[in-house]
**Student:** 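Dropping a structure here in structure tokens format, bear with me for questions.
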Amino acid sequence: MKLKKLKQSILRFLGNHFLYYIINILCKSLNIVSTIPPKTKDLISNNSSCVYAFWHGTMLAPWYVNKNKNITALVSLSKDGEILTRILNKWGYILERGSSNMNGKEALELLVQKAKNHSSIALTPDGPKGPEKEFKAGAVIIAKKAHLPLILVGVKNKNKYTLKSWDKFEIPKFFSTVLLSYSEPIYIDSNISYEETSQLIVNCGIKLNNLQLAEK
């Protein structure tokens, strides 16, 4: 047990001090190909505020391509979240810390306020602990309350390493191709019922999984 904790401490030390540079070099080597519907492309081109959602296990490329764009990100309060915070800080994200288990409600309200003040929001709807690819309510609730379009981003890493983590985290190989598939903007009526909202959350999960499988 002590040896395991020592290994974890060493890995976190390396992550805190060197991982950003490795990840940045990796991402610069990737051939990232994006398929973006015209309406979504217009929103992005006009720097319009949106809510972006992509799965936790394939979050690397979406975080990278959306850097330095006035986007607020929700990152968990875990030690792994601390490593992600260091990377996203350097990529120009505005960060809020929290999760569904630790002051998640307060973090969600902060994101809604950020969104109302003209910041886009990005989050992983199955994070921070899963279940894998289960779309939680946060992205839909933020889009609904802030009156912003929700954009889903599917990710297909053509050549990758897959970790033995809860989310089967994927690390694309150097110089490999990554396919990003953006959804049409999803506009959510703030007056829809609880039942309709719940069904929309389910539908978004299905849609994101379909985008994840999309080929160019």
Side-chain angles (χ1 to χ4, degrees), residues 11 14-15 17-75 80-81 83-95 120-127 132-133 135 139 149-186 204-216:
L11 288 173
L14 293 173
H17 292 84
F18 301 108
L19 187 60
Y20 166 74
Y21 300 100
I22 298 170
I23 292 296
N24 215 42
I25 293 169
L26 167 62
C27 289
K28 286 181 178 180
S29 80
L30 299 174
N31 175 34
I32 300 176
V33 181
S34 299
T35 297
I36 310 175
K39 291 180 181 178
T40 301
K41 186 175 290 186
D42 287 343
L43 289 170
I44 295 172
S45 299
N46 294 327
N47 295 317
S48 301
S49 297
C50 304
V51 178
Y52 296 94
F54 37 87
W55 292 132
H56 197 279
T58 53
M59 63 181 172
L60 187 56
W63 284 133
Y64 180 72
V65 299
N66 286 299
K67 59 190 175 68
N68 299 316
K69 291 184 179 178
N70 187 37
I71 297 178
T72 299
L74 177 63
V75 182
D80 290 338
I83 295 174
L84 181 59
T85 293
R86 290 172 183 267
I87 295 172
L88 295 185
N89 261 326
K90 291 180 181 292
W91 281 349
Y93 283 88
I94 305 159
L95 300 179
S120 287
I121 306 296
L123 70 167
T124 53
D126 57 341
E132 177 201 8
K133 293 185 174 65
F135 204 100
L150 171 60
I151 296 172
L152 310 176
V153 186
V155 183
K156 192 175 188 66
N157 294 307
K158 301 290 281 186
N159 292 289
K160 63 193 185 271
Y161 302 100
T162 303
L163 303 185
K164 294 180 179 180
S165 54
W166 69 263
D167 58 351
K168 299 180 178 65
F169 191 83
E170 296 180 8
I171 303 173
K173 295 183 179 181
F174 278 89
F175 305 105
S176 64
T177 296
V178 180
L179 309 178
L180 300 184
S181 299
Y182 288 69
S183 73
E184 294 278 356
I186 301 169
C204 283
I206 295 170
K207 175 67 174 176
L208 184 49
N209 278 328
N210 289 337
L211 289 168
Q212 200 83 352
L213 298 172
E215 288 281 1
K216 307 295 183 294

**Student:** May I ask you to check if Lys133 and Phe135 form a cation-pi contact, with NZ or CZ under 6.0 angstrom from the six-membered ring centre and within 45° of the axis?
**Tutor:**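 Not satisfied by the 6.0 Å and 45° rule.
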
**Student:** Fit a plane to each ring of Phe54 and Trp63, take the angle between them on a 0 to 90° scale, and name the class: parallel (under 30°), tilted (30 to 60°) or perpendicular (over 60°).
**Tutor:**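 Correct class here is perpendicular.
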
**Student:** I'd like to check Val155 versus Val178 (side-chain heavy atoms, cut-off strictly below 4.5 Å). Are they in contact?
**Tutor:**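 Counting from C-beta outward, Val155 and Val178 do come under 4.5 Å.
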
**Student:** Using 0.5 Å steps for rounding, measure from the OH atom of Tyr52 to the NZ atom of Lys69.
**Tutor:**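 So the OH of Tyr52 and the NZ of Lys69 are separated by 6.5 Å.
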
**Student:** Counting N and O atoms only, with roles assigned by atom type, does the side chain of Thr85 sit under 3.5 Å from a partner on the main chain of Gly81, one being a donor and the other an acceptor?
**Tutor:**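 Yes, Thr85 side chain to Gly81 backbone: donor-acceptor pair under 3.5 Å.
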
**Student:** Which distance, rounded to the nearest 0.5 Å, do you find between the CG of Asn157 and the CG of Leu30?
**Tutor:**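 It is 8.0 Å, given to the nearest 0.5 Å.
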
**Student:** Counting N and O atoms only, with roles assigned by atom type, does the side chain of Thr40 sit under 3.5 Å from a partner on the main chain of Ser183, one being a donor and the other an acceptor?
**Tutor:**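 Indeed, once roles are kept as given, a pair shorter than 3.5 Å links the two residues.
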
**Student:** For Leu26 and Pro172, which heavy atoms make the closest approach, and how far apart are they?
**Tutor:**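 Reported closest heavy-atom pair: CD1-O, 3.3 Å.
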
**Student:** Rounded to the nearest 0.5 Å, what's the gap from CD1 on Ile151 to CD1 on Ile186? Could you check?
**Tutor:**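 The CD1 atom of Ile151 sits 9.0 Å away from the CD1 atom of Ile186.
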
**Student:** Would you say that Lys173 contacts Tyr161 through its side chain, given a criterion of any heavy-atom pair below 4.5 Å between the two side chains?
**Tutor:**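 Result yes, sub-4.5 Å side-chain heavy-atom pair found.
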
**Student:** Looking only at heavy atoms, which two atoms of Thr124 and His56 are closest? And how far apart?
**Tutor:**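 Answer, listing the atom of Thr124 first, then His56: OG1-CD2, 3.4 Å.
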
**Student:** Do you know the tightest heavy-atom contact between Gly92 and Asn68?
**Tutor:**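 Closest approach of Gly92 to Asn68, heavy atoms only: CA-OD1, 3.4 Å.
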
**Student:** Could you walk me through whether Asn159 and Phe175 pass the side-chain contact (heavy atoms from CB on, under 4.5 Å) check?
**Tutor:** CA-CA 9 Å; Asn159 292 289; Phe175 305 105; over 6 Å; no

**Student:** At their closest point, which heavy atom of Tyr182 faces which heavy atom of Pro37, and how far apart are they?
**Tutor:**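 Heavy-atom minimum between the residues: O-CD, 3.2 Å.
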
**Student:** May I have the step-by-step check of side-chain contact (heavy atoms from CB on, under 4.5 Å) for Asn209 and Trp55, ending in yes or no?
**Tutor:** CA-CA 9 Å; Asn209 278 328; Trp55 292 132; 3.1 Å; yes

**Student:** With a 3.5 Å cut-off and no angle check, do the side chains of Gln212 and Thr58 form a donor-acceptor pair?
**Tutor:**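 Their side chains do contain a donor-acceptor pair, which is all the 3.5 Å distance test asks for.
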
**Student:** How about Asp167 and Ser165: does a side-chain donor come under 3.5 Å of a side-chain acceptor?
**Tutor:**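 Result is yes, a qualifying pair exists.
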
**Student:** For Tyr93, is the NZ or CZ atom of Lys67 found under 6.0 angstrom from the centre of its six-membered ring and inside 45 degrees of the ring axis?
**Tutor:**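 Not satisfied by the 6.0 Å and 45° rule.
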
**Student:** Mind checking whether Leu163 and Ile171 have side chains closer than 4.5 Å, heavy atoms only?
**Tutor:**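 The answer is yes, as the side chains (C-beta and beyond) meet within the 4.5 Å cut-off.
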
**Student:** Output, in order, the C-alpha distance, side-chain angles, deciding distance and verdict of side-chain contact (heavy atoms from CB on, under 4.5 Å) for Leu19 and Ile87.
**Tutor:** CA-CA 8 Å; Leu19 187 60; Ile87 295 172; 4.2 Å; yes

**Student:** Which atom names give the shortest non-hydrogen contact between Asn66 and Pro62, and what distance separates them?
**Tutor:**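 So the minimum-distance heavy-atom pair works out to ND2-O, 3.0 Å.
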
**Student:** Taking side chain as C-beta onward, heavy atoms only, is Lys158 less than 4.5 Å from Ser176?
**Tutor:**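 The answer is no; the side chains never approach within 4.5 Å.
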
**Student:** What's the separation between atom CG in Leu152 and atom CG in Leu208, rounded to the nearest 0.5 Å?
**Tutor:**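 The CG atom of Leu152 sits 5.5 Å away from the CG atom of Leu208.
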
**Student:** So, do Leu60 and Ile23 sit near enough that their side-chain heavy atoms are less than 4.5 Å apart?
**Tutor:**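 When only atoms from C-beta onward are counted, Ile23 and Leu60 do touch, with a gap below 4.5 Å.
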
**Student:** Run through Leu88, Leu123, Asn89 and flag the one making a side chain to side chain contact (heavy atoms under 4.5 Å, CB included) with Val75.
**Tutor:**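 Answer after filtering Leu88, Leu123, Asn89: Leu88.
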
**Student:** Got Ile32 and Leu180 here, is their nearest side-chain heavy-atom distance under 4.5 Å?
**Tutor:**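 Contact flag for Ile32/Leu180 side chains = yes.
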
**Student:** Return the OH to CD1 distance between Tyr20 and Ile25, rounded to the nearest 0.5 Å.
**Tutor:**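 Reported value, rounded in 0.5 Å steps: 9.5 Å.
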
**Student:** Hey, what do you get for CZ (Phe174) to SG (Cys27), rounding to the nearest 0.5 Å?
**Tutor:**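 Reported to 0.5 Å precision, the distance equals 9.0 Å.
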
**Student:** Measure from the side-chain N and O atoms of Ser45 to the backbone N and O of Lys41, and report whether any donor-acceptor pair falls under 3.5 Å.
**Tutor:**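 Yes, Ser45 side chain to Lys41 backbone: donor-acceptor pair under 3.5 Å.
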
**Student:** Working note: Asn47 + Asn70, criterion side-chain contact (heavy atoms from CB on, under 4.5 Å); need CA distance, chi angles, decisive distance, verdict.
**Tutor:** CA-CA 9 Å; Asn47 295 317; Asn70 187 37; over 6 Å; no

**Student:** Closest heavy-atom contact between Ser120 and Ser48?
**Tutor:**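 Heavy-atom minimum between the residues: OG-O, 3.6 Å.
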
**Student:** Does Asn31 reach the main-chain N or O of Thr177 with its side chain, forming a donor-acceptor pair under 3.5 Å?
**Tutor:**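 Not at all, since once roles are kept as given, no pair shorter than 3.5 Å links the two residues.
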
**Student:** What I'd like to find out is whether the side chain of Leu43 reaches to under 4.5 Å of the side chain of Pro185, using heavy atoms alone.
**Tutor:**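 Sidechains of Pro185 and Leu43: in contact.
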
